[in-house]
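This report refers to the structure that appears directly beneath it.
Below, all heavy atoms of this structure are taken into account, side chains as well, without hydrogens, waters or symmetry copies. So you know, we letter chains A, B, ... as the sequences are listed, proteins then strands, and number each from 1.
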Amino acid sequence: GNSVTQMEGPVTLSEEAFLTINCTYTATGYPSLFWYVQYPGEGLQLLLKATKADDKGSNKGFEATYRKETTSFHLEKGSVQVSDSAVYFCALSDLETSGSRLTFGEGTQLTVNP
Amino acid sequence: DAGVTQSPTHLIKTRGQQVTLRCSPKSGHDTVSWYQQALGQGPQFIFQYYEEEERQRGNFPDRFSGHQFPNYSSELNVNALLLGDSALYLCASSLLGDPYSNQPQHFGDGTRLSIL
């Protein structure tokens, strides 16, 4: 079946530091990949997505590249801000095998200190 | 333009009771999915509704059931509540069209269900 594995957290950084959150996946088809962000007390917001190999998703300074050869979709940001503190979820949907349902990783808690 | 709205925000029940959670999708969306998010975990897919029918189901027991109304809103029902059902229940809706197209899902803020 499909699965998503995220780097173990939590992650604590100082403001303006470089961020990487690792994500690898297992899928039988050709999945689309997503990063969602969850702020305290809120639901999930779509941060970025990529639908095919070598696509790069980007939004609000965050980027992730769909790497089929390494089955990875690592999230990066060059300079984090305090307001980026949240939980980040990597997810996939595999239309061929499981329709549009999302399979999520465990989440990575990011704390950015001033 | 209202996004996905869920009610109630919080709910406390005891073991063995039944609960109904409600979701109104984002305007223009016709597909609703439900997820369970246990504390410190990623969301787990429960089921998805389209055209008032359950189209996909995750690995959840029959105690979990749902409904979609003609206006696309949806309910999640859980019977015979267990302590392990304590979680944040998230509703997500997606854009008008084939639910098997890869439209991004928009999430509500969830209902926090606590079982005593």
What's the spacing between B:Q48 CD and A:L102 CG if we round to 0.5 Å?
9.0 Å
When clusters are formed from ILVMFWY side-chain contacts under 4.5 Å, directly or step by step, what else is grouped with B:V19?
B:L11, B:L21, B:V32, B:W34, B:I46, B:F47, B:Y49, B:F60, B:F64, B:L76, B:V78, B:L81, B:L83, B:Y89, B:L113, B:I115
Can you get from B:V4 to A:F34 by hopping between Ile, Leu, Val, Met, Phe, Trp and Tyr side chains that sit under 4.5 Å apart?
no
Nearest heavy-atom approach of B:P104 to A:K49 is CD-NZ, 3.9 Å
Does atom CG of B:N59 have more than 12 heavy-atom neighbours from other groups under 6.0 Å away?
no
Is there side-chain contact between A:F89 and B:P43, with at least one heavy-atom pair below 4.5 Å?
yes
With rounding to the nearest 0.5 Å, note down the distance linking CZ in B:R57 to CZ in A:R101.
10.5 Å
Does a sphere of radius 6.0 Å around CD in A:E69 hold more than 12 heavy atoms from other residues, nucleotides or ligands, not counting ones at 6.0 Å or beyond?
yes
Of A:G43, A:G41, A:A91, the largest count of non-hydrogen pairs under 4.5 angstrom with chain B goes to A:G43
Portion of A:Q38 that has a non-hydrogen atom of chain B nearer than 4.5 angstrom
side chain
Please identify each residue that fulfils side chain to side chain donor-acceptor pair (under 3.5 Å) with B:Q41, with sequence neighbours left out.
none
Can you check whether A:F104 and B:F45 have ring centres sitting under 6.0 Å from each other?
no
Which atoms of A:L44 are under 4.5 Å from chain B, going by heavy atoms: the side chain, the backbone, both sets, or neither?
both
Chain A heavy atoms under 4.5 Å from B:Q37: which part of the residue, side chain, backbone, both or neither?
side chain
To the nearest 0.5 Å, tell me how far A:L46 CG sits from B:Q105 CD.
10.0 Å
Whether over 12 other heavy atoms sit under 6.0 Å from B:Q44 CD:
no
Over 12 non-hydrogen atoms of neighbours within 6.0 angstrom of CD in A:E16
no
